[in-house]
2 protein chains.
Amino acid sequence: MATIYEVSALAGVSLSSVSRVLNDHEHVSEKTKQKVMAAMEELGYRPNSVARSLASNRSNSIGVLVSELHGPFYGEMISSIEMELRKAGKHAVVTAGHSVEKSEKEGINFLIDRNCDAIIILIDSLSNEFLIELSKGSTPIVILNRLIPEIKENCFYIDNELGGYLATKHIIEQGHKELAYISGPLFKQDANERLNGHKRALNEANLKFDEELFYEGDFLTTSGRVGIDHLIKTKRKFTAAVCANDEMASGAMKGVRDHNMSIPQDCSVIGFDNVYFANYLHPELTTMNYPIKEMAKMSAQWILKNVYKRPDVFVNNKFTPELIVRDSITKI
Amino acid sequence: MATIYEVSALAGVSLSSVSRVLNDHEHVSEKTKQKVMAAMEELGYRPNSVARSLASNRSNSIGVLVSELHGPFYGEMISSIEMELRKAGKHAVVTAGHSVEKSEKEGINFLIDRNCDAIIILIDSLSNEFLIELSKGSTPIVILNRLIPEIKENCFYIDNELGGYLATKHIIEQGHKELAYISGPLFKQDANERLNGHKRALNEANLKFDEELFYEGDFLTTSGRVGIDHLIKTKRKFTAAVCANDEMASGAMKGVRDHNMSIPQDCSVIGFDNVYFANYLHPELTTMNYPIKEMAKMSAQWILKNVYKRPDVFVNNKFTPELIVRDSITKI
DNA sequence: GAACTTTTTGGAAGCGCTTCCAATTTTGAC
DNA sequence: GTCAAAATTGGAAGCGCTTCCAAAAAGTTC
């Protein structure tokens, strides 16, 4: 592999000059630029990114830490981040935290030790305090799906409470009065907020939140199914199941059918997130859109702007969930 | 950030010694080891991975190039690779090729320029010849989902033909005689092989392959739906739709329902891949299992063994698809 | 304790690039 | 044509580590 030395020798200019054309610096005459480019071409020169990183103290890599690398939600997110980054010549180093605090911390250290120029984080278990502390370190971080007031510039989030509210409001507007709720794990902030929104909508309609018709799941499909079993065992009547995400909603749909009820006639279902398979389901799932792609893209742009000083882009931190009406809710 | 110099000074030993304990070399006395470790601890020393890479000519990063970073299939794959790699202290740099030849080539160059120690590739458009040529370069590559005889040691694949055969055989055994086939794009090797397997099963049962009941889709959901529309327009009768992957199968299910037919009574459906949402569908989708997780893990282990000379692991290149019977096929 | 062998240590070069500083050349104004 | 300012170039140090080689220390054998 040719190095900058050989280019410099062949072109008959100094190392510095080669480096300057490599980095598109101002103050290089057209003539030397041509000579250098010709030499590079001839030698098939390719810059060694590691050497550049060491000398410039920039690795051009961005760490991405998510709960899991698979699953509909994270896939879209990573995809979106990578596209944006690569356009700018940066690369994404990905790793998973598995929703376990220890593992999440290790993930962060792993990425920092990899000399990432910045880290994008979407996790559940680490506390706000930890993240605030982390943000004081030398590696910039951006946080997805969580608003931490102390570092709100670095946060990209949706109004989960509003989402929860709108979902339930919609279902109430369809005439439903007895609602079951299948929640995400309440140690997760988003699960909590969605539940709060649900309660607010209930309140507003003068409906009571029924503890018996509440089930705390884990955001995974199976717990939607189990949730329905549990709910039905209570013998309490409900005409709709409000689910805190689409995966649980898909499980709930299965559960409902296993009890020989049909959707939406016997039991309506609403989800949250609008992951891509929500409209493969039958009936197609009514849900709240979570603009994860846009948020992911925005977080990448934030880094381009703040870490790499790329030309200004408009950055928006707060996103809004939107109702997507499909077929899983019936009017009563 | 403390460097190796400071550690060396504090511990009262030479740079080389510090480096040696850092890299777990033999020939370091217990005494100096202790001194060095204590110094590291005291300084909160963290090795600079970029500097290590430059000096050792190893970046400890593995490039992963796939068609898309999202989608059920690739998600599982990346997840599996990353877990295996990270256990070994290596990291994954991911990028997408979007099934476009030019873009796939760029992806490869991108990863090579990133000084990846090896690259894992799962793409569609690049030719075998190109990949053979690439494998002669200095960056080792491993190829998923394709068997290239000339470099078969570097390939991890399933027998797609067998899969296609088994799927169709199963459906024939249920009494179906009129089968429609929704294929993947035939420029993709796997799509082709699956189709061949389908034809072999047909042949074996003395059934004729009906060109009219064939539709070439693109492996995405929508084309399953469109495929069914097309098939129904032909007015040809068919009692089952064999789909070359699960995404198209889910689209096909939607299509069938849109025509007011029920699954599996009016039309049975079978998929391929067994992606995780296959059993969220209603009815749950009968499909062929594609052990992508195992294959991905194996490819990572191959790299650990061959590139990083980790202790021997058993490496298996060829995997077998297996029938997963669920509810989307009825007996006739 | 001499003569070897083996283990442990330190020194120094070098990985391929960036960047600061100073030197040189070019440009422009008069 | 002169002089100052601006543009362009080259030299050299340095980024933080690995690794080769030789020197020093420790063990072994007789």
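Throughout, protein chains are lettered first and strands after them, A, B, ... in sequence-line order, and every chain is numbered starting at 1. All of these numbers come straight from a predicted model, not from anything done at the bench.
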> What is the distance from CG of A:N115 to C1' of C:dC17, rounded to the nearest Å?
Replying inline: 15 Å

> Do any of residues 34-43 of chain B sit with a heavy atom less than 4.0 Å from DNA chain C, and if so which?
Replying inline: none

> With a non-hydrogen cut-off below 4.0 angstrom, is A:V28 in contact with a base, only sugar-phosphate, or nothing?
Replying inline: sugar-phosphate

> Whole Å only: how far is the CZ atom of A:R20 from the C1' atom of C:dC17?
Replying inline: 13 Å

> Would you say the side chain of B:I62 lies within less than 4.5 Å of the side chain of B:H91, judging by non-hydrogen atoms?
Replying inline: no

> What's the CZ-C1' distance between A:R58 and C:dT18, to the nearest Å?
Replying inline: 13 Å

>> Measuring from the side chain of A:H27 (C-beta onward, heavy atoms only), which nucleotide among C:dG16, D:dA7, C:dT18 has the closest atom?
In response: D:dA7

> Looking across every strand, which nucleic acid part, if any, lies under 4.0 Å from B:S53 by heavy atom: base, sugar-phosphate, or nothing?
Replying inline: nothing

> Is the shortest side-chain N/O distance from B:N23 to OP1 or OP2 of D:dT18 below 4.0 Å?
Replying inline: yes

> What are the two closest non-hydrogen atoms of B:E104 and B:S99, and how far apart are they?
Replying inline: OE2-CA, 3.4 Å

>> Using a 4.0 Å heavy-atom cut-off, does B:S16 contact any base of the nucleic acid, only the sugar-phosphate backbone, or nothing at all?
In response: base

>> Distance check needed: C:dC15 P versus A:E6 CD, whole Å only.
In response: 11 Å

>> Just by distance, no angles: are the side chains of B:S61 and B:R114 close enough, under 3.5 Å, to form a donor-acceptor pair?
In response: no

>> Under 4.0 Å, counting only non-hydrogen atoms across every strand here, what does A:V18 touch: a base, just sugar-phosphate, or nothing?
In response: nothing

> So which nucleotide from C:dC17, C:dT19, D:dT19 ends up closest to the side chain of A:I4?
Replying inline: C:dC17

> Roughly how many Å is it from CG in A:L54 to C1' in C:dT18, rounded to a whole number?
Replying inline: 10 Å

> Among the nucleotides C:dT9, C:dG16, C:dC17, which one has an atom lying closest to any side-chain atom of A:P47?
Replying inline: C:dC17

>> What's A:S29 touching, base or sugar-phosphate or nothing? Going by heavy atoms closer than 4.0 Å.
In response: sugar-phosphate

>> Just to be sure I understand the rule, does A:T3 reach a base, reach only the sugar-phosphate, or reach nothing, if contact means heavy atoms closer than 4.0 Å?
In response: sugar-phosphate

> DNA chain C: A:A2 or B:G12, which has the more 5' nearest nucleotide?
Replying inline: B:G12

> Closest heavy-atom contact between A:I108 and A:L134?
Replying inline: CD1-CD2, 3.6 Å

>> With a cut-off of less than 4.0 Å, is there a side-chain N or O of A:S17 near OP1 or OP2 of D:dT9?
In response: no

> Would you call B:K136 and B:E133 a salt bridge, taking side-chain N to carboxylate O under 4.0 Å as the test?
Replying inline: yes

> Can you find a donor-acceptor pair, distance only, under 3.5 Å between B:Y5 side chain and D:dC17 base?
Replying inline: yes

> For D:dG11, does either OP1 or OP2 sit under 4.0 Å from a side-chain N or O belonging to A:S14?
Replying inline: no

>> Nearest whole Å is fine: how far is D:dC17 P from A:R114 CZ?
In response: 14 Å

>> For A:F314 versus A:M298, what's the shortest heavy-atom pair and its separation?
In response: O-SD, 3.6 Å

> For C:dT9, does OP1 or OP2 lie under 4.0 Å from any side-chain N or O of B:T32?
Replying inline: yes

> B:N48 has a side chain; which of D:dC17, C:dC17, C:dT9 sits nearest to it?
Replying inline: D:dC17

Which atom pairs, one a donor and one an acceptor, fall under 3.5 Å between side chains of residues 69-78 of chain A and the rest of the protein, sequence neighbours left out?
from	atom 1	to	atom 2	distance (Å)
A:H70	ND1	B:S79	OG	3.0
A:Y74	OH	A:S67	OG	3.3

>> Please give me the minimum heavy-atom distance between A:I4 and A:Y45, naming the atom from each residue.
In response: N-CE1, 3.7 Å

> Atom CG of B:N57 to atom P of D:dC17: distance rounded to whole Å?
Replying inline: 17 Å

> Counting only distance, no hydrogens or angles, is the base of D:dG16 paired donor-acceptor with the side chain of B:R46 under 3.5 Å?
Replying inline: no

>> From C-beta outward on A:H25, which listed nucleotide comes closest to its side chain: C:dT19, C:dG14, C:dT7?
In response: C:dT19

> How is A:V13 classified with respect to the nucleic acid when contacts are heavy atoms under 4.0 Å: base, sugar-phosphate, or nothing?
Replying inline: sugar-phosphate

> When the distance from CG of B:L15 to C1' of D:dC21 is rounded to whole Å, what number comes out?
Replying inline: 16 Å

> Is it true that the side chains of B:D190 and B:Y157 contain a donor and an acceptor less than 3.5 Å apart?
Replying inline: no

